[in-house]
Amino acid sequence: MQSGIFAVVTIGEHRLYVGEVNHLKSRWRVMLTHFETGKYPHDALQAAWNQSGENRRFTFHKLDDLIHDHQLLRRSQLLKDLEKAGKKLAI
């Protein structure tokens, strides 16, 4: 069981949702199931999923991916969001 920080990025809308979970490996699969059934507990992210319809472009990233990919949108905003969540990163 691997814990970790993850982000879901909505491509084209420039939105980044950051979270922390105990089961990182299976998180994306579980999230997709919740999205499809309309039961994801984060209202804004579920709404974004619902509104995107057939044009969904969501991607899932682990913290290591985010730190090393300088092309991900709004990296500085990600760092601010992580700090708000009480996570400090040494980059």
Side-chain angles (χ1 to χ4, degrees):
M1 171 174 25
Q2 180 188 9
S3 297
I5 294 172
F6 68 92
V8 174
V9 179
T10 57
I11 305 298
E13 302 224 2
H14 305 291
R15 291 187 182 156
L16 183 73
Y17 302 89
V18 178
E20 184 175 20
V21 69
N22 288 329
H23 302 286
L24 189 60
K25 187 174 181 177
S26 62
R27 182 61 179 163
W28 184 232
R29 185 183 61 223
V30 170
M31 288 176 75
L32 289 173
T33 300
H34 285 138
F35 289 142
E36 291 295 332
T37 59
K39 296 180 181 177
Y40 191 73
H42 187 288
D43 292 339
L45 189 49
Q46 181 68 56
W49 179 270
N50 295 343
Q51 291 172 357
S52 62
E54 296 294 320
N55 298 317
R56 289 191 185 110
R57 294 186 61 201
F58 287 66
T59 57
F60 182 86
H61 304 273
K62 293 184 278 182
L63 180 60
D64 289 344
D65 302 332
L66 298 169
I67 290 172
H68 296 102
D69 188 343
H70 296 279
Q71 298 303 313
L72 278 174
L73 50 118
R74 300 186 186 195
R75 185 169 184 262
S76 61
Q77 184 62 48
L78 165 66
L79 297 176
K80 289 177 189 176
D81 291 345
L82 289 171
E83 283 187 28
K84 282 183 186 176
K87 309 298 175 206
K88 301 287 182 189
L89 301 178
I91 298 178

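For the numbers below, each heavy atom of this structure counts, side chains included, while hydrogens, waters and symmetry mates do not. In what follows, residues are counted from 1 in the order of the sequence shown.
- By the 4.5 Å heavy-atom criterion applied to side chains, V18 and F6 are not counted as neighbours.
- Atom CG of N50 sits about 9.5 Å away from atom CZ of F35, to the nearest 0.5 Å.
- The ring pair (Phe, Tyr, Trp, His ring centres under 6.0 Å) search around H42 returns Y17, not counting sequence neighbours.
- A search for ring pair (Phe, Tyr, Trp, His ring centres under 6.0 Å) contacts involving F58 returns W49, not counting sequence neighbours.
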Can you give each donor-acceptor pair under 3.5 Å made by side-chain atoms of residues 25-33, sequence neighbours left out, with the distance rounded to 0.1 Å?
from : atom 1 : to  : atom 2 : distance (Å)
R27  : NH2    : Y40 : OH     : 3.2
T33  : OG1    : R29 : O      : 3.2

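- Looking only at distances, no side-chain donor or acceptor of Q46 sits under 3.5 Å from a matching main-chain atom of P41.
- With values rounded to the nearest 0.5 angstrom, E20 atom CD is found 7.0 Å from S3 atom OG.
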